[in-house]
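Heads up, the thing below is written out as structure tokens.
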Amino acid sequence: MTARCIRSTLAALAALTVVGATACGSGAGDRRPAGGGSAGAVTGTVTVFAAASLTESFTALGTAFEAAHPGAEVNFNFAGSSALAAQINQGAPADVFASAAPKNMATVTEAGNGADSPTTFARNQLVIAVPKGNARKITGLADLAGPGIKVALCAEQVPCGAAGTRALAAAKVTLTPVTLEQDVRGALSKVKLGEVDAALVYRTDARTAADAVDRIEFPESASAINDYPIIVLRDAPNQAGARAFVAYVLSAAGRTALTDAGFQAPAGS
């Protein structure tokens with residue numbers, strides 16, 4: 001089977017019995033029973049709420065997980081971590097939450113919605129994304145404050161936005177973005193469409209769009225590295241599947257897939 005995804009929007013908060021606004025395949029509301037196998041078997045649907053920056057890597061991991069567990073199916077809800085945390089706390093049915101920052105994870109755990117303690121499974125770092133060819137000759141953060149330069153940032157409550165704020169402060173750069181996006185893919189799309197001259201996005205996201213954007217590394221990004229935690233949710237309809245998926249992400253195979261996608265290993269690993 002192929003891992004299916006559910007693209008969420010903030011409108012999903014108004015209809016929490018349906019996960020996401022647009023589904024690739026059938027929706028998360030079309031759940032199969034979590035049981036049905038022998039003791040320890042992983043079966044049924046595993047619904048994973050994951051940060052937008054994990055879209056490609058987690059979709060690939062989901063496909064590999066399904067191949068390893070033929071009785072299981074993984075559904076993904078990819079969006080900004082702050083939106084996902086709000087959906088979980090308002091009762092959206094989900095098994096696993098993977099956030100792009102500890103702060104958004106804490107929103108869920110402090111509300112008592114984690115089954116246990118979160119585990120950091122990856123790290124990510126910001127780059128400047130510019131349209132292919134870099135016509136505005138941007139080389140660092142200071143250039144983003146230049147006259148006529150249009151910049152897209154993530155909103156500050158979103159992990160990529162909080163990281164961007166820290167990086168700009170470290171560089172002592174003040175700028176006024178033309179747009180504040182609700183997830184990193186929104187900021188990246190503005191560059192791909194030529195609507196802005198630059199955006200602060202994760203290194204991994206810029207890599208996924210290498211045919212349309214150039215990425216510019218900058219030293220201040222070292223002050224704004226985001227840890228990515230993952231957790232099994234307290235009210236997970238498929239606890240066994242949730243724990244198996246988290247274990248797979250933390251496994252050597254999961255770590256390799258994430259590293260290949262450009263993520264960094266957690267500190268101390």
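- Both L188 and L180 are members of a single hydrophobic cluster when ILVMFWY side chains are connected at heavy-atom separations under 4.5 Å.
- Sequence neighbours left out, the pairs with a member in residues 220-231 that pass salt bridge (charged side-chain N to carboxylate O under 4.0 Å, His left out) are R123-D227.
- Hydrophobic clustering of Ile, Leu, Val, Met, Phe, Trp and Tyr side chains at less than 4.5 Å, counting indirect connections, unites V184 with L258.
- Applying the side chain to side chain donor-acceptor pair (under 3.5 Å) test to pairs two or more places apart or on separate chains, those with a residue in residues 257-268 are Q125-Q264.
- Here the side chains of R243 and D116 are in contact, with some heavy-atom distance below 4.5 Å.
- When side chains are defined from C-beta on, L175 does not count as touching I149, because their heavy atoms never get closer than 4.5 Å.
- Residue F78 is grouped with residue I230 when hydrophobic side chains (ILVMFWY) are merged at heavy-atom distances under 4.5 angstrom, including chains of intermediate members.
- Residues L200 and I128 have side chains in contact (heavy-atom distance under 4.5 Å, counting atoms from C-beta outward).
- In terms of modelled atom types and a separation under 3.5 Å, the side chain of D95 and the main chain of V48 share no donor-acceptor contact.
- Under a 3.5 Å cut-off, the side chain of E66 and the backbone N or O of L61 do not form any donor-acceptor pair.
- Contacts classified as salt bridge (charged side-chain N to carboxylate O under 4.0 Å, His left out) and involving residues 127-152 (residues at least two apart or in different chains) are given here: K132-D214, R136-D197.
- L141 places a side-chain heavy atom less than 4.5 Å from the side chain of L144.
- For residues 43-57, the set of pairs meeting the salt bridge (charged side-chain N to carboxylate O under 4.0 Å, His left out) definition, not counting sequence neighbours, comprises E56-R185.
- Of all the heavy atoms in V191 and A199, the pair that sits closest is CG2-CB, 3.4 Å.
- You'll find the side chain of F218 reaches within 4.5 Å of the side chain of L126, heavy atoms only.
- Every residue meeting the ring-ring contact (aromatic ring centres under 6.0 Å, His included) condition with F263, not counting sequence neighbours, appears here in chain and number order: Y228.
- Note on ring orientation: taking the six-membered ring where Trp is involved, the planes of F121 and F58 are tilted (angle from 30° to 60°).
- With a 4.5 Å cut-off on side-chain heavy atoms, V127 and V201 count as touching.
- Counting only residues at least two apart or in different chains, side chain to side chain donor-acceptor pair (under 3.5 Å) contacts with residues 161-176 comprise R166-N226.
- A donor atom on one side chain and an acceptor atom on the other are not found under 3.5 Å apart for Q157 and N104.
- With sequence neighbours excluded, no residue satisfies salt bridge (Lys or Arg N to Asp or Glu O under 4.0 Å) with D235.
- Atom OG of S82 and atom CD of Q182 lie 6.5 Å apart (nearest 0.5 Å).
- Applying the side chain to side chain contact (heavy atoms under 4.5 Å, CB included) rule to A111 yields the partners N89, N113; only residues at least two apart in sequence or on another chain are considered.
- Looking at T119 and V249, their side chains never come closer than 4.5 Å, going by heavy atoms from C-beta outward.
- Note: H69 and F65 have tilted aromatic rings, judged against thresholds of 30 and 60 degrees for the angle between ring planes.
- The salt bridge (Lys or Arg N to Asp or Glu O under 4.0 Å) test applied to E156 returns no partner, not counting sequence neighbours.
- For R203, the side-chain hydrogen bond (donor to acceptor under 3.5 Å, both in side chains) test picks out E217, with sequence neighbours left out.
- Looking at N124 and T204, their side chains do bring a donor and an acceptor atom within 3.5 Å of each other.
- Residue pairs that meet the salt bridge (charged side-chain N to carboxylate O under 4.0 Å, His left out) test with at least one member in residues 81-92, sequence neighbours left out, do not exist here.
- Under the side chain to side chain contact (heavy atoms under 4.5 Å, CB included) criterion, P118 pairs with M105, T109, P229, I231, not counting sequence neighbours.
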